[in-house]
Engineer: 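The structure that follows is given in the form of structure tokens.
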Amino acid sequence: MVPFFLTLIIVAFFGLLFINLYFRAKVLKVYRRLANSGTSIKAVHIFDKKKLEEEVLIHHPEYKDDILTFVNNIRYSVRLASGLILLITLFTAILMFFGDN
């Protein structure tokens with residue numbers, strides 16, 4: 001049972017690493033376009049759709065697609081990373097409590 005959970009932890013870790021690199025590449029590509037255009041997006045805009053619409057999208061309607069792509073990729077990345085971290089923690093806890101049996 002220990003090798004099974006250890007394998008799951010390793011796979012989840014590399015999955016987290018891959019997701020991080022993949023979304024970083026996607027996000028950086030869109031971020032460069034937004035930065036070159038002078039569009040600034042704060043963390044509050046990423047997690048609050050109403051503020052994003054009121055404070056950013058109104059001022060930069062020509063970059064709406066890029067802004068929404070950027071924000072959605074960040075949100076999705078955070079959700080996936082949170083889930084994988086939860087799985088890694090769960091599998092590690094299982095190994096700690098039941099691994100010696």
Side-chain angles (χ1 to χ4, degrees):
M1 180 165 234
V2 171
F4 174 72
F5 281 111
L6 196 55
T7 303
L8 285 177
I9 291 169
I10 292 169
V11 168
F13 174 79
F14 281 109
L16 182 61
L17 181 65
F18 174 75
I19 288 171
N20 185 357
L21 294 175
Y22 176 73
F23 277 104
R24 185 173 297 216
K26 284 181 72 169
V27 166
L28 282 178
K29 188 186 317 179
V30 177
Y31 178 75
R32 281 190 206 114
R33 282 195 300 253
L34 293 174
N36 289 337
S37 70
T39 305
S40 73
I41 299 173
K42 297 179 180 160
V44 69
H45 298 128
I46 292 172
F47 298 107
D48 188 352
K49 194 170 190 171
K50 185 178 178 184
K51 283 192 178 196
L52 176 70
E53 292 172 355
E54 292 173 352
E55 297 175 7
V56 178
L57 293 177
I58 287 178
H59 297 294
H60 304 284
E62 65 276 7
Y63 297 107
K64 181 179 181 177
D65 291 336
D66 285 339
I67 292 169
L68 292 177
T69 300
F70 175 77
V71 168
N72 289 334
N73 282 340
I74 294 284
R75 285 182 189 158
Y76 190 61
S77 176
V78 167
R79 279 193 304 248
L80 282 174
S82 298
L84 282 173
I85 289 171
L86 183 67
L87 282 175
I88 290 170
T89 304
L90 176 70
F91 294 150
T92 304
I94 290 171
L95 276 177
M96 286 176 58
F97 293 113
F98 301 110
D100 292 335
N101 294 336

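The structure presented is a predicted model; accordingly, all values stated were derived computationally and were not measured.
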Engineer: If you define the side chain from C-beta out and look only at heavy atoms, does anything of Leu8 sit under 4.5 Å from Leu87?
Structural biologist: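 Side chain of Leu8 against side chain of Leu87, heavy atoms only: no contact under 4.5 Å found.
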
Engineer: Report yes or no: do Ile58 and Leu68 belong to one cluster of Ile/Leu/Val/Met/Phe/Trp/Tyr joined by side chain heavy-atom distances under 4.5 Å?
Structural biologist: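 The answer is no; the residues belong to distinct hydrophobic clusters.
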
Engineer: Do the side chains of Phe13 and Leu86 join up, straight or via other hydrophobic residues, at under 4.5 Å, putting them in one cluster?
Structural biologist: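 No, separate clusters.
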
Engineer: Indicate yes or no: at least one non-hydrogen side-chain atom of Ile46 is less than 4.5 angstrom from one of Phe70.
Structural biologist: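 In contact.
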
Engineer: Give the cluster check for Leu17 versus Leu6: same hydrophobic cluster or not, with ILVMFWY residues linked at side-chain heavy-atom distances below 4.5 Å.
Structural biologist: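 Cluster IDs for Leu17 and Leu6 match.
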
Engineer: To the nearest 0.5 angstrom, please state how far the OG1 atom of Thr89 sits from the CG atom of Leu84.
Structural biologist: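 Going from the OG1 atom of Thr89 to the CG atom of Leu84 covers 10.5 Å.
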
Engineer: Taking all atoms of both residues into account, what is the closest heavy-atom pair of Leu95 and Ile9, and its distance?
Structural biologist: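 Heavy-atom minimum between the residues: CD1-CD1, 3.4 Å.
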
Engineer: If you draw a 6.0 Å radius around CZ in Arg75, do more than 12 non-hydrogen atoms from other residues or ligands fall strictly inside?
Structural biologist: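 More than 12 within 6.0 Å, yes.
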
Engineer: Please answer: with hydrophobic residues joined when any side-chain heavy atoms are less than 4.5 Å apart, are Ile88 and Phe97 in the same cluster?
Structural biologist: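 They do share one cluster, since a chain of ILVMFWY contacts under 4.5 Å joins Ile88 to Phe97.
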
Engineer: From the options Ile74, Val27, Val30, select the one residue that forms a side-chain contact (heavy atoms from CB on, under 4.5 Å) with Thr69.
Structural biologist: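 Exactly one option meets the side-chain contact (heavy atoms from CB on, under 4.5 Å) with Thr69, and it is Val30.
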
Engineer: Tell me whether the rings of Phe18 and Tyr22 are parallel (<30°), tilted (30 to 60°) or perpendicular (>60°).
Structural biologist: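 Parallel, since the angle between the ring planes stays under 30°.
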
Engineer: With a 4.5 Å cut-off on side-chain heavy atoms, are Tyr76 and Asn73 touching?
Structural biologist: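 No. Closest side-chain heavy atoms not under 4.5 Å.
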
Engineer: Rounded to the nearest 0.5 Å, how far apart are CD1 of Ile10 and CZ of Phe91?
Structural biologist: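 Rounded to the nearest 0.5 Å, the CD1-CZ separation comes to 12.5 Å.
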
Engineer: Is a side-chain donor or acceptor of Asn36 paired with a backbone partner of Arg32 at a separation under 3.5 angstrom?
Structural biologist: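 Here the side-chain-to-backbone pair exists.
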
Engineer: Starting at CG of Asn72, measure out to OG of Ser77 and round the result to the nearest 0.5 Å.
Structural biologist: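 The distance works out to 12.0 Å.
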
Engineer: Would you mind telling me which of Lys29, Arg33, His60 makes a side-chain hydrogen bond (donor to acceptor under 3.5 Å, both in side chains) with Asp66?
Structural biologist: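 Option passing the side-chain hydrogen bond (donor to acceptor under 3.5 Å, both in side chains) with Asp66: Arg33.
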
Engineer: How long is the straight-line distance from CG of Leu57 back to OG1 of Thr39, given to the nearest 0.5 Å?
Structural biologist: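 Those atoms lie 10.0 Å apart.
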
Engineer: Where do His45 and Lys51 come nearest, in terms of heavy atoms and distance?
Structural biologist: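 Closest approach of His45 to Lys51, heavy atoms only: CD2-O, 3.8 Å.
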
Engineer: Is Val78 linked to Ile85 within one hydrophobic cluster, defined over Ile, Leu, Val, Met, Phe, Trp and Tyr using a side-chain heavy-atom separation of less than 4.5 Å?
Structural biologist: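 Different clusters.
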
